[in-house]
> 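Below is the structure I would like to discuss, written out as structure tokens.
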Amino acid sequence: MLTRLDLFPITARIVGDGASARLQIGGCDLTDLAAQFGTPLYLYDRATLDTAVAAYEGALSAYPGPTGITYAGKAGMNLALAQWAASHALWLDCTGQGEIAVARAAGVDRAQILVHGVNKSPEDLAAAVDAAGVIVVDNLDELQRLIALADDGVALPQLWLRLRPGVAVETHAYRQTGQSDSKFGLSSDEFLAGIRLGQAHDLPLTGLHFHQGSHFHDPAPIGPALDAVLDLLAVVRSETGWTAQHLSPGGGWGVAYHEDDLPQPSVADYVGFISNGLQGGCAKRNLPLPALHVEPGRSLVARAGVALYRVGAVKRTPNRRWLLLDGGMSDNIRPALYGARYSALPVVQPGRSASGSAWLGGPYCESGDVLIQDLPMADVTPGELVAVPASGAYHIAMSSNYNGSLRPAVLWLDQGEAHLIQRRETVADLMRRDLPLP
Ligand code: LLP
């Protein structure tokens, strides 16, 4: 059972012996936190977040040119996480006006706000022009809109063009983005046309971006994508004289969600693959080395997050033992959407051996509301707490109010102290936007 601890934040400990053994994270006792803040409850461990940044910084230090780390805020964005990103001088990738507003409220430096979006609304584009340091342009229609703004005298931030490299990474189909039929980015021909347009209108075009997909464990497909990118850059340079000052191969490095995924995928291997490939590829084509940007979301925040649930009922059906939790698909849609596999530990006596398989179901009116299927699990009884590791990315960010559920509270755990960074939703929040019939 205890290999599961390696899925949890780096500060996860079992304190006490025998019947009083309990799971502790960030120096905080999870039983106490649940009593004080209720469940479902999401926890972020600061030490784990900081260590993840350090892994990227360390891996990038071998690159001979300038480098940058952009936190992909789509993985999880709130005021505190944006402030944390700023405290590490991370850039912040914002999708649209909502995330831009959070980044601004958190005091993120304008130069470090980077805006993505596959079909940015006029409001998104206006917010980006107003507040961002970089807009990553997805398509030529968007570029035309930016040209219209520039022609009206609006000063534009730096523009990077997003290329569709024609190669995706190995992951769930819903998370692949680099393939030639993907809705994201420009083809090579469109990229060249975009550079010519930009030059004709004197746009601040400074970079190339591509992203092949999310949650992959094998960096190999980045190789052919980098080759395609650098071949294109060589053509663009010879035809237009333009060179990319900034190059971003996006994010997408995977994490371990289940004990079968351990050991944790190595950030050093992933970044090393990109850094070496880029240096070798540029040297081979006699291209200047661009600044290298990486754009991780999940691999910065997933492991730092833990979801804490209370078991309300235990039910036996002919072939299953059900542990029915007080949260599920409304705070974590990933099992229902991608078939994602998770693991869990009881909070009290986490080292107990399994008494057989369990299905951890949520409370919602949906048979697909099952967080974990067929997991070896101790004999957990109603009223007990279970902790689900690797819950820091794309849970709260994708959460809903299905069945009138209330989004959980979120805590920041740091050296034995727990701070509320997002309060639990209330029933009043549910009706905040509603108006009565006339
Ligand atoms: N950059 C771009 C342009 C992206 O589209 C994404 C993720 C990232 C960076 C960060 O990828 P990460 O390092 O977090 O894997 N909801 C899915 C993941 C969707 C990813 C969307 N884009 C999930 O829960 O697995």
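First listed ligand is number 1; within each ligand, the first listed atom is number 1. What you see is a predicted model, and the numbers here were worked out from it, not measured in a lab.
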> To the nearest 0.1 Å, how far is atom 24 (O) of ligand 1 from its closest protein heavy atom, and which atom is that?
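Of the protein heavy atoms, Arg334 NE, 2.6 Å lies nearest.
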
> Output the list of atoms in ligand 1 that are nearer than 4.0 Å to some heavy atom of Met398, sorted by atom number.
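In order of numbering, the contacting atoms are 16 (N).
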
> Considering only heavy atoms of Gly251, which atoms of ligand 1 have at least one such atom less than 4.0 Å away?
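Here the atoms of ligand 1 in question are 9 (C), 13 (O).
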
> Which residue in the set Lys74, Arg298, Gln176, Arg175 passes side-chain hydrogen bond (donor to acceptor under 3.5 Å, both in side chains) when paired with Ser214?
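Result: among Lys74, Arg298, Gln176, Arg175, Arg298 is the only option passing the side-chain hydrogen bond (donor to acceptor under 3.5 Å, both in side chains) with Ser214.
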
> Hey, does Pro296 come in under 3.5 Å of ligand 1, counting only N/O atoms on both sides?
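N/O-N/O distance under 3.5 Å: no.
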
> In terms of residue, atom name and distance, what is the protein heavy atom nearest to atom 18 (C) of ligand 1?
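Among all protein heavy atoms, the one nearest atom 18 (C) of ligand 1 is Arg298 NH2, 3.5 Å.
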
> For atom 2 (C) of ligand 1, what is the closest protein heavy atom, and at what distance to 0.1 Å?
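Of every protein heavy atom, Glu295 OE1, 3.4 Å lies nearest to atom 2 (C) of ligand 1.
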
> Tell me, please: is Gly252 in heavy-atom contact with ligand 1, that is, under 4.0 Å?
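The answer is yes, since Gly252 has a heavy atom less than 4.0 Å from ligand 1.
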
> Taking the cut-offs as 6.0 angstrom to the six-membered ring centre and 45 degrees off its axis, would you call Arg164 and Phe184 a cation-pi pair?
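No.
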
> Can Glu142 and Lys120 be said to form a salt bridge (Lys or Arg N to Asp or Glu O under 4.0 Å), step by step?
CA-CA 8 Å; Glu142 182 184 333; Lys120 301 175 186 75; 2.7 Å; yes

> When you look for heavy atoms under 4.0 Å from ligand 1, do you find them on the side chain of Tyr338, its backbone, both, or neither?
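Contact part for Tyr338 vs ligand 1: side chain (C-beta onward).
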
> Without swapping roles, check the side chain of Arg303 against the backbone of Phe8 for a donor-acceptor pair under 3.5 Å.
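Yes, the answer is positive, given that a donor and an acceptor are paired below the 3.5 Å cut-off.
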
> For ligand 1, note which part of His211 has a heavy atom under 4.0 Å away: side chain, backbone, both or neither.
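The part of His211 near ligand 1 is the side chain, not the backbone.
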
> Using the benzene-type ring in the case of Trp, are the ring centres of Trp253 and His215 under 6.0 Å apart?
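No; His215 has its ring centre 6.0 Å or more from that of Trp253.
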
> Distance to 0.1 Å, residue and atom name: give those for the protein heavy atom nearest to atom 14 (O) of ligand 1.
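Residue, atom and distance for the closest contact: Tyr394 OH, 2.6 Å.
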
> Using a 4.0 Å heavy-atom cut-off, say whether Ala72 meets ligand 1 through its side chain, its backbone, both or neither.
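For Ala72, the contact with ligand 1 is made by the side chain alone.
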
> Side chain, backbone, both or neither: which applies to Gln212 and ligand 1 if a contact is any heavy-atom pair less than 4.0 Å apart?
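It is neither part, as no heavy atom is under 4.0 Å.
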
> In terms of residue, atom name and distance, what is the protein heavy atom nearest to atom 22 (N) of ligand 1?
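In this structure, atom 22 (N) of ligand 1 has Lys74 CD, 3.4 Å as its nearest protein heavy atom.
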
> Going through the checks in order, is the salt bridge (Lys or Arg N to Asp or Glu O under 4.0 Å) test met by Arg424 and Asp429?
CA-CA 10 Å; Arg424 186 177 305 283; Asp429 288 329; over 6 Å; no

> What part of Arg175, side chain, backbone, both or neither, has a heavy atom within less than 4.0 angstrom of ligand 1?
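The answer is the side chain of Arg175.
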
> Out of curiosity, is Ser299 lining ligand 1, as in a heavy atom under 4.0 Å away?
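Contact absent.
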
> Any idea which protein heavy atom is nearest atom 15 (O) of ligand 1, and the distance to it?
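That would be Ser214 OG, 2.5 Å.
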
> Tell me which one of Leu411, Ile421, Val410 satisfies side chain to side chain contact (heavy atoms under 4.5 Å, CB included) with Tyr42.
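Filter result, single survivor: Val410.
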
> Would you please test Asp130 and Arg110 for salt bridge (Lys or Arg N to Asp or Glu O under 4.0 Å) and show each step?
CA-CA 9 Å; Asp130 203 34; Arg110 179 195 175 111; 5.5 Å; no

> Numbering the atoms of ligand 1 from 1, which are under 4.0 Å from a heavy atom of Arg162?
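Near Arg162, meaning under 4.0 Å from one of its heavy atoms, ligand 1 has 3 (C).
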
> Assign the ring pair His246 / Trp160 to parallel, tilted or perpendicular, where the plane angle (0 to 90°) is split at 30° and 60°.
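His246 vs Trp160 ring planes: parallel.
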
> If you apply the rule salt bridge (Lys or Arg N to Asp or Glu O under 4.0 Å), what do you find for Asp138 with Lys183, and how did you get there?
CA-CA 9 Å; Asp138 175 83; Lys183 70 173 178 175; over 6 Å; no

> What do you reckon, are the aromatic ring centroids of His116 and His209 less than 6.0 Å apart?
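Between His116 and His209, the centre distance is under 6.0 Å.
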
